[in-house]
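Quick notes on the structure that follows.
Values below: all heavy atoms of this structure, side chains included; hydrogens, waters and symmetry mates excluded. Atoms within a ligand are numbered from 1 in the order they appear, just like the ligands themselves.
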Amino acid sequence: LEPREGLVEELAAVVGPNNVLEDEHARADYEVDWTGRYKGRARLVVRPGTPEEVARSVVICGQGGASIVPQGGNTGLVGGAVPVNGEVVISLRRMNRLVEVDAGSGQVVAEAGVTLATLAGAAAQAGWRFGIDFAARDSATVGGMIATNAGGLHVMRHGSMREQIIGIEAVLADGQVIGRLSGLLKDNTGYHLPSLLAGSEGTLGIITRACLKLVRRDSSRASALIGVDGPEQAEEIVNRLRQSCESLAAAELILENGLSLVLKHQRRERPLPEHPAYVLVETASNRDAETELVDALADIGVVSAVLAAGANEQRRLWELREGLTDAISAVGVPHKFDVSLPAGRIRHLMAKLPDLVAAIEPNAVIVVFGHLGDRNLHINVLGLGRGDGRVDDVVLRAVLREGGSISAEHGIGRAKRRWLPFDRSRADLAAMRAIKASLDPRGIFNPGVLFA
Ligand code: FAD
Ligand code: MLT
Ligand code: ZN
């Protein structure tokens, strides 16, 4: 459908003329994803300031025959927030108010455009912590994190975004507002709509506000970078730490080529002698996290490790891990895979990867890292054409043969929609399509995302 005349004026009457961006330059930032792999064109960018303005904008777009791409911080890595066919982008970035921070109950009500960093700061001020953390914290928003069910560095301790949600408010395709934000900890009144919206990738509704739980703030934290002889030993160490070290809060895998890349990018010295791979671990507790970590590493016979002395050194160690995404993108536009694997299968996949990729592009560079504690690998392949799906095909099929999932945390978006039917059963897909059809019968939300 061609959007009808008068759409701009009607939207401007709701959100104000300054918040309807028509100009090519003003739209540009909203039309390309963080990696630069996905680019498109938006008919307009609309920037509502309240849930009511979101609802009225959705109704106007629906009546005007315009599809909608909801967008938060635009840090998503699967091309799900990018308009490709002249859709209207509804950006939630102006809705960045923390509605309520309740230090007593450890709950926050936040608008969808509140960034992770703002949320974490407010939680700390109230004497709590937010359970999710990752490198895009300055831009990623509450709405985007819910819509992608974001994971990050502490999933093994606190679960993913879905587990942080107490209540949600969202606008459906017909402009109706669903959900509640009353902070009820127990609520078994039928279908759990927050669970449905978590991971829905902007295809079912626009999240406008959420009530989120905060987690206890541990008084003591410690980190160590451990050198290992490969992914197999890395997995073994993490499994043993998981059993013996109650305060284990994060366990991340870095391979030597990733560490070299990030050291070069950040112009830093190597923190410990070269090894084929490394595990970055963190403990957090209200006792003595450092002693707990040192004892646990000694118990399992770790011989090569560097322990961060104090908060500053901890931050410096974590910058190496968090800087990998930037360091990779500084080299080129990567094909990113974000997969999870069953126990014991990581080494199988890693052993096969080089040949699978080389058979298609001998000069391609593979950089693997990830949340080892969750058996979630981030596989990045550099040196391929943006639209070349051949490596995507062999990598994702190899993951499926190992019994893994093609998306552990970033979602399906546009990047992986072709492979979703090989991951989920026919019945699962039919149920998902039925939900989509009943909540968004005209398919105005994020067409082409999730479903091909
Ligand atoms: P966007 O990119 O704007 O949107 C993402 C998806 O959500 C799109 O499909 C969009 O349509 C939809 N959406 C956005 N807002 C709404 C809304 N209000 N209502 C409905 N749908 C909406 N992700 C992880 O899980 N773990 C990590 O460790 C991690 N690390 C990262 C590190 C870097 C350096 C970068 C660049 C990204 C990282 N990501 C990670 C990916 C990304 O940051 C997350 O997926 C994040 O949750 C996206 O939030 P956003 O606000 O940027 O969403
Ligand atoms: C991470 O864990 O750093 C992210 O998910 C980002 C990425 O995969 O590059
Ligand atoms: Zn990640």
Atoms in ligand 2 with a heavy atom of Leu77 nearer than 4.0 Å: 6 (C), 7 (C)
Residue His378 vicinity, atoms of ligand 2 by number, heavy atom under 4.0 Å: 1 (C), 2 (O), 4 (C), 5 (O), 8 (O)
shortest atom 45 (O) of ligand 1-to-protein heavy-atom contact is with Thr148 OG1, 3.3 Å
Please list the nearest protein heavy atom to atom 30 (N) of ligand 1 with its residue and the distance rounded to 0.1 Å. Phe134 CD1, 3.5 Å
N/O separation below 3.5 Å, Ala136 to ligand 1: no
So if I count the atoms of ligand 1 from 1 in the order they appear, which ones are less than 4.0 Å from some heavy atom of Trp34? 36 (C)
Only heavy atoms of Leu92, strictly under 4.0 Å: list the atoms of ligand 1 that pass. 18 (N)
Please step through salt bridge (Lys or Arg N to Asp or Glu O under 4.0 Å) for the pair Arg347 and Glu402, ending with a clear verdict. CA-CA 10 Å; Arg347 60 176 175 273; Glu402 297 294 341; over 6 Å; no
the protein heavy atom lying closest to atom 41 (C) of ligand 1 turns out to be Thr75 O, 3.6 Å
So, is His371 polar-close to ligand 2, with some N/O to N/O distance under 3.5 Å? yes
Heavy-atom nearest neighbour in the protein, as seen from atom 19 (N) of ligand 1, with distance rounded to 0.1 Å: Ile207 N, 2.9 Å
Does any N or O atom in Asn446 lie less than 3.5 angstrom from one in ligand 1, N or O only? yes
For atom 20 (C) of ligand 1, the protein heavy atom that lies nearest, with its residue and separation: Gly205 O, 3.4 Å
for atom 12 (C) of ligand 1, nearest protein heavy atom and its distance come out as Ala147 CB, 3.6 Å
In sequence, state the C-alpha distance, the side-chain angles, and the governing distance for Glu319 and Arg315, and then conclude on salt bridge (Lys or Arg N to Asp or Glu O under 4.0 Å). CA-CA 6 Å; Glu319 276 170 6; Arg315 188 180 51 76; 2.5 Å; yes
Just go through Glu409, Lys336, His410, Arg321 and tell me whose heavy atom is the nearest to atom 2 (O) of ligand 2. Arg321
Salt-bridge test for Arg242 and Glu235: reply yes if a basic N is under 4.0 Å from a carboxylate O, no otherwise. no
Enumerated ligand 1 atoms positioned under 4.0 Å from heavy atoms of Gly202: 20 (C), 21 (N)
Give yes or no for whether the N/O distance cutoff of 3.5 Å, strictly under, is met between Ile206 and ligand 1. no
By number and element, which atoms of ligand 1 are closer than 4.0 Å to a non-hydrogen atom of Met145? 47 (O), 49 (O)
What protein heavy atom lies closest to atom 11 (O) of ligand 1? Include the residue and the distance to one decimal. Pro70 O, 2.6 Å
Give the numbers and elements of all ligand 1 atoms closer than 4.0 Å to a heavy atom of Thr141. 49 (O), 50 (P), 51 (O)
Hey, does Asn376 sit under 4.0 Å from ligand 2 if you only count heavy atoms? no
For ligand 1, which atoms, with element, lie under 4.0 Å from some heavy atom of Ala150? 25 (O), 47 (O)
Between Phe369 and ligand 2, which part of the residue brings a heavy atom under 4.0 Å of the ligand: side chain, backbone, both or neither? side chain
Looking at ligand 1, would Asn74 count as a contact under a 4.0 Å heavy-atom criterion? yes
Go through ligand 1 atom by atom and flag the ones less than 4.0 Å from a non-hydrogen atom of Ala81. 1 (P), 2 (O), 3 (O), 4 (O), 8 (C), 10 (C)
Could you tell me the residue and atom name of the protein heavy atom closest to atom 6 (C) of ligand 2, and the distance to it rounded to 0.1 Å? Thr325 OG1, 3.4 Å
Sub-2.8 Å protein N, O or S atoms surrounding the Zn ion (ligand 3): His371 NE2, His378 NE2, Glu409 OE2
Answer yes or no: does an N/O atom from Val69 fall short of 3.5 Å to an N/O atom of ligand 1? no
Compute the minimum heavy-atom distance from Gly151 to ligand 1 and say whether it is under 4.0 Å. yes
Given the options Val395, Asp393, Val399, Arg397 meets side chain to side chain contact (heavy atoms under 4.5 Å, CB included) only with Asp393
May I ask whether His371 has any heavy atom positioned less than 4.0 angstrom from an atom of ligand 1? yes
Verify whether one side chain among His154 and Asp133 offers a donor that lies under 3.5 Å from an acceptor in the other. no
Element-labelled atoms of ligand 1 that are located less than 4.0 Å from some non-hydrogen atom of Gly76: 2 (O), 52 (O)
Can you spot which of Lys416, Arg417, Arg37, Arg414 makes a salt bridge (charged side-chain N to carboxylate O under 4.0 Å, His left out) with Asp392? Arg37
Minimum-distance protein heavy atom relative to atom 27 (C) of ligand 1: Glu409 OE2, 3.4 Å
Identify the heavy atoms of Gly152 and Glu409 that sit nearest to each other, and give their distance. N-OE1, 2.9 Å
At a non-hydrogen distance cut-off of under 4.0 Å, which region of Ile328 contacts ligand 2 (side chain, backbone, both, or neither)? neither
